[in-house]
Structures are given as structure tokens and as C-alpha cells.
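Here the structure is laid out as C-alpha cells; the discussion comes afterwards.
Letters go in sequence order (proteins before strands), and every chain restarts at 1.
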There are 2 protein chains.
Amino acid sequence: MAGNPASLPEHYETARSKAARLHARLREEILAGVLRPGDALSENLLAEQTAISRTPVREVLHRLSAEGLLRVVPQIGSFVAPINLAAVTDSQFVREALECQAVRQAAAAITRAQASRLGRQIEAQQARIAAGDTAGFFALDEAMHRMILEIAGRATVWQVIAGVKAQLDRVRHLSLQDATWPAMLLSQHQEIAARLIARDAEGAAAAMAVHLRTVFAAIARIAAAHADFFETASPTTQETR
Amino acid sequence: MAGNPASLPEHYETARSKAARLHARLREEILAGVLRPGDALSENLLAEQTAISRTPVREVLHRLSAEGLLRVVPQIGSFVAPINLAAVTDSQFVREALECQAVRQAAAAITRAQASRLGRQIEAQQARIAAGDTAGFFALDEAMHRMILEIAGRATVWQVIAGVKAQLDRVRHLSLQDATWPAMLLSQHQEIAARLIARDAEGAAAAMAVHLRTVFAAIARIAAAHADFFETASPTTQETR
DNA sequence: GGCGGGATACTTGTACACAAGTGCCCAAGG
DNA sequence: CCTTGGGCACTTGTGTACAAGTATCCCGCC
């Protein structure tokens, strides 16, 4: 389906999907730190590289700008946004408030079928850790948090969380070295799931808070170690206009 | 060359600011119900009316689309988005979770100066109601909620709330008839402020929950009365514009 | 050698022409 | 009268040329 050998008369794959791929790629690279804060992106250059015209490229860059990952300065250029520590802290606040409340409602609403699905989800996480598949574990991590929202009947709220989560993920990607980290997260996930299945709303919320704050503490630690990645809103003569 | 025979200096800044004004106007009209769900907007027509070209107009429409107020259908047209009741409910959830948590933190952090500012804010609301200035009251309403976030040290979280609030405001604007409504909201605001100033975190959170749920109950009532404004999840349609 | 000013090579912003696709409308034929 | 097919007018999407602005670098001047 996707892999047309390029010689077919049907027009190429709709320039629009190319733009979507470009957006996904840039977002990924910014989150992963391949593109570092301050790096410049040129509309012309990207258009040339992707073989699409400036117009769709512009829309991609503006969208990234709206997501807080890019700064478009009118007649100067487009630059990967610095990581704003205040934005990271506020993202953490939003995530915690939303997910704790969601897990409370989930505890009240969870069905037997959902409980067993959640159990299997935890087992899958365990398997990924055993296999040393860190990336796979983090994918399941995100899936579990989404599942809790779904159980609470608030699936679409994930869009809001995803929006603020980008800032958190940028920091998280700065360090994936610690091999014991996923195991600790898993044990916290198990605690959340156990409280949830026991329909212990406040216990589940407390466990979620502990979980998210653990993640945030790590972020703060990372921030200190990678100060150059962060925006200094500090008193020094930083003329950010 | 052939494009602009008279390169008049009249160009000014108008291009960009005109687009900003267009965005504000359309947003306002959609929220206020002047533009009703399903109404079509044409890029060409808007460009002609505003005397700017399609490119900035396009960006405005896409931005409105990202805000969930417009639907751009590729080769068909752009239409004012229907009010999705699920989206409204989820917006309510987000607001309640964020503002209740914020008011908890605010209760722990409020200073004497902030407490007196809050008291004056309440008095201002009272004055607007006494003057029969409903619009002014709602402006102060929003300002008070923002002030609580500020006291909690989470001022930038307002951006998230503002994003979801649009859906709620669309419904709220459907009915402003009930003259006793602002007075009830004021009394709830007074309760929140009292608990806040007393540093009663849980009491403040509970009062905030009561407040927001009162608003939401009204929204549900309005929804039933204006079913034609809402999106019907049913497959059959509609049309007849 | 130090300094200042202007050409220049970029950047994003804007305008416009054209491409691709959809739905309506009307006319022709059964 | 009903059905059906094609023309047409309209939509948004895309490509491209040009406008406006900024930073840099080099050359002339002091």
C-alpha cells in the first residue's frame, strides 16, 4: 500500500502526508534532543529537502510553534525552543491534577473486564523490562496512562495531557541511562493498578501522585545536569525582548 | 512587477494586525453564537472582505480549527464546528481538576496582600452586579479564576484552561437571560474566597467544585434546550443549511 | 590599524496563479 | 415524469514570485 515504486501514474503521495511525516519527524527529533534548543530551521531548506513547497512546510513549523516546540521569529528565522523550566513545572502540575482526578473516577467506574485488561497491560510492561526493551516499556507506559483515562470515561482528555507532556518528554529524553529506572516505574504502576482494581479511589490517586512526582523529581535532577538546554529567565542580561 | 503597480507606503503593519483582528472577531462571533454551527466560511470571501490575501486568512482559519471552533474539510469548505457535548463535558472535567488543585495550593500559599486583593476583587464583582453590568461581571469572573491560579503560582496554566474553556463559553453564551444567575455565582465566589483566605485548602477545593458543577449543570440544561446547536453522534445527517 | 557604512545574502511574510477535488444544477434521453 | 450523465462553479491545497526586514561581512575612509 504505501510503497509505490514511484513510477506509477497516480500522483505521489499527496504532499499532505509528506508534510505530516515532516511534522512527526521534527517533533520526534526535538523531543529526542537530536535538534537542540536554539538550532535553526529554514523553511527553504526543509522545503528543498522534503521536495514539497514552502507553503505546507510553513504550516508544519507554525504548528510546532503552537505546540511550544519551536519559535518563529518574523524576519529572523525559526529556532528550536529552549526548554522552559517553568513550563515544565506547570506541565507537571497539569498532568498530576488531571491524572489523579481521572484515576479517582476510574476507581469508581472500573469493570471486571477492564481490570483484567489492566492486569495484562502490567504484565506486558514486565515483559518489556525483562527483555530490556526500554523504548517498548515507555510506549506501554503511555498506553497505561491512556487506559486509565479511558476507564474514567475521559479518553479525549488525553489530548490535553499530550499537549503539555511534550515539554516533560523533552527533559525525559535527556537521560535514559539508568537501567533501574523502568523497574521502579513499573512497581509504581503496579501499585496504581492494585488500588484501582480494589476500587480505592483515594489510594489510587495518592499512588498516581507519588508516581508522577517521582518522574518530576528526576526531571528536576536532569535539569540541573543539562542547564545549557534550558531557558534562563534569570536576571542576567538575556534580551529575549 | 505587474503585481503591485503602486507600492504605496500605506501598507503599514496592517497585514498582520488585520489577520489578528479577523481571528479575534471570528472567535468572538463563534463563541457568541452569531456564527452558528454549520455556517460556512470561505477563504476567498473573507480575504475579499478583510482586504488581505488568502494566505493570512488561511492561517487564521487553521488556527481556529486547532482551537476546535472550526472544521476545515479539504476540498469542501470550512464550517463552524458543532458543539460536541462530550467535548464540553471533558472541558468541564479539565477545568474542575485543574482549578480545584490550584485553589488547594493557593490556600497554602496565599499572602495577606493577596487576600486583600481577592477581597477587593469580590467587591468589584458585587458592584458590577449592582450596576446590572452582566458582561463586566463575567469579565471579573474570569479575572478571579486567573487570580487564584496566580496565587497558586501556576499562572501559565491558564493557557490550558483557556483552551478548553472556549467550548464551555459557547454554551454559556446561549443563555444570559436569567438575571439571578450572576448573583448566585457571586455568592459561590465569596464562599471560595472565604475558604481561601482562611487557608482551608479542602474547603476551598470543595467550594470550587460546587461552583464549577453549578455552571456545568446549567450548561447541561441549556444543551437540552438548544439541541440543534449540538453535534448528533448519529450517522444520519442533517444539512439543510 | 580601527571604525563606519552600505551592499548582500539570508530570513519569514504576503500575494497570486494554478491544481485537484467535490457537489450542484440542468439538460438530454428513456 | 424520472433518471442519469456531464458541465460548471465553488471549495481548499500547492507552488512560486516578490516584499519587507535583519544580520553579517567586506570595503572604503579616517
Side-chain angles (χ1 to χ4, degrees), chain A residues 4 8-23 26 35 38-67 69-81 238-241, chain B residues 1-23 26 35 38-67 69-81 236-241:
Chain A
N4 260 342
L8 293 181
E10 357 180 317
H11 34 265
Y12 322 157
E13 58 183 295
T14 67
R16 192 169 176 74
S17 67
K18 280 187 189 171
R21 264 212 312 278
L22 176 63
H23 176 267
L26 291 178
L35 291 172
D39 284 358
L41 295 180
S42 163
E43 293 180 357
N44 282 318
L45 189 59
L46 289 173
E48 188 180 348
Q49 291 174 347
T50 57
I52 53 185
S53 86
R54 266 188 64 205
T55 309
V57 170
R58 264 180 71 77
E59 293 190 2
V60 166
L61 294 189
H62 278 52
R63 190 171 155 195
L64 288 170
S65 172
E67 297 175 55
L69 297 176
L70 200 68
R71 280 188 183 176
V72 178
V73 189
Q75 258 71 23
I76 310 289
S78 301
F79 309 92
V80 175
Q238 179 81 1
E239 22 94 47
T240 57
R241 195 238 321 239
Chain B
M1 305 317 213
N4 197 348
S7 53
L8 293 172
E10 315 287 300
H11 241 30
Y12 285 101
E13 69 304 316
T14 42
R16 198 167 177 75
S17 68
K18 275 187 190 173
R21 265 210 310 277
L22 175 64
H23 176 268
L26 291 177
L35 290 172
D39 283 358
L41 294 181
S42 161
E43 293 180 357
N44 282 318
L45 189 58
L46 288 173
E48 188 180 347
Q49 290 175 347
T50 57
I52 55 184
S53 86
R54 267 188 62 206
T55 309
V57 170
R58 265 179 71 76
E59 293 189 3
V60 166
L61 295 189
H62 282 291
R63 190 170 156 199
L64 288 169
S65 172
E67 296 176 56
L69 296 176
L70 200 69
R71 282 187 182 175
V72 179
V73 188
Q75 258 71 23
I76 311 291
S78 301
F79 309 93
V80 176
T236 61
T237 44
Q238 120 217 344
E239 245 21 46
T240 71
R241 184 173 51 261

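For the OP1/OP2 pair of D:dT12 and a distance below 4.0 Å, the side-chain nitrogens and oxygens of B:Ser78 include at least one atom meeting the criterion. Contact annotation: A:Asn44 side-chain N/O to C:dC10 OP1/OP2 distance is not under 4.0 Å. Contact between the side-chain N/O atoms of B:His62 and the OP1/OP2 oxygens of D:dT12 is not found at any separation under 4.0 Å. Between A:Arg54 and D:dT16 there is no side-chain polar atom (N or O) within less than 4.0 angstrom of OP1 or OP2. Distances shorter than 4.0 Å separate none of the side-chain N or O atoms of A:Ser53 from OP1 or OP2 on D:dT16. Taking side-chain N and O atoms only, B:Thr55 has no distance below 4.0 Å to OP1 or OP2 of C:dT14.
Regarding A:Glu43, its CD atom lies at a distance of 9 Å from the C1' atom of C:dG13, rounded to whole Å. Taking atom CG of A:Leu46 as the reference point, atom C1' of C:dT12 lies 13 Å away to the nearest angstrom. Per the geometry, CD belonging to B:Glu59 stands 14 Å off C1' belonging to D:dG13, to the nearest Å. Look at CD on A:Glu48: it is 15 Å from C1' on D:dT16, rounded to the nearest Å. As rounded to whole Å, 14 Å separates atom C1' of D:dG13 from atom NZ of A:Lys18. Look at CD1 on A:Ile76: it is 11 Å from P on C:dG13, rounded to the nearest Å. Nucleotide C:dA17 holds its P atom 17 Å from the CZ atom of B:Arg58, rounded to whole Å.
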Take A:Arg63 and B:His62, measure what side chain to side chain contact (heavy atoms under 4.5 Å, CB included) needs, and give me the verdict at the end.
CA-CA 10 Å; A:Arg63 190 171 155 195; B:His62 282 291; over 6 Å; no

Given the rule in the side chain to side chain contact (heavy atoms under 4.5 Å, CB included) test, do A:Leu61 and A:Leu46 qualify, once you have shown the distances and angles that lead to the verdict?
CA-CA 10 Å; A:Leu61 294 189; A:Leu46 289 173; 3.9 Å; yes

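Within 4.0 Å (heavy atoms only), B:Leu45 reaches no atom of the nucleic acid at all. Using a 4.0 Å heavy-atom criterion, one finds that B:Leu61 contacts no nucleic acid atom at all.
Ranking C:dG21, C:dG13, D:dT22 by closeness to the B:Gln75 side chain, first place goes to C:dG21.
To the nearest 0.5 angstrom, B:His23 atom NE2 is 7.5 Å from B:Leu69 atom CG. Taking CD1 from B:Ile52 and CG from B:Leu22, the interatomic distance works out to 5.5 Å, rounded to the nearest 0.5 Å. Taken from OG in A:Ser53 to CG in A:Asn44, the straight-line distance is 10.5 Å, to the nearest 0.5 Å.
Between B:Gly77 and A:Ile52, the one whose closest nucleotide on DNA chain D sits nearer the 5' end is B:Gly77.
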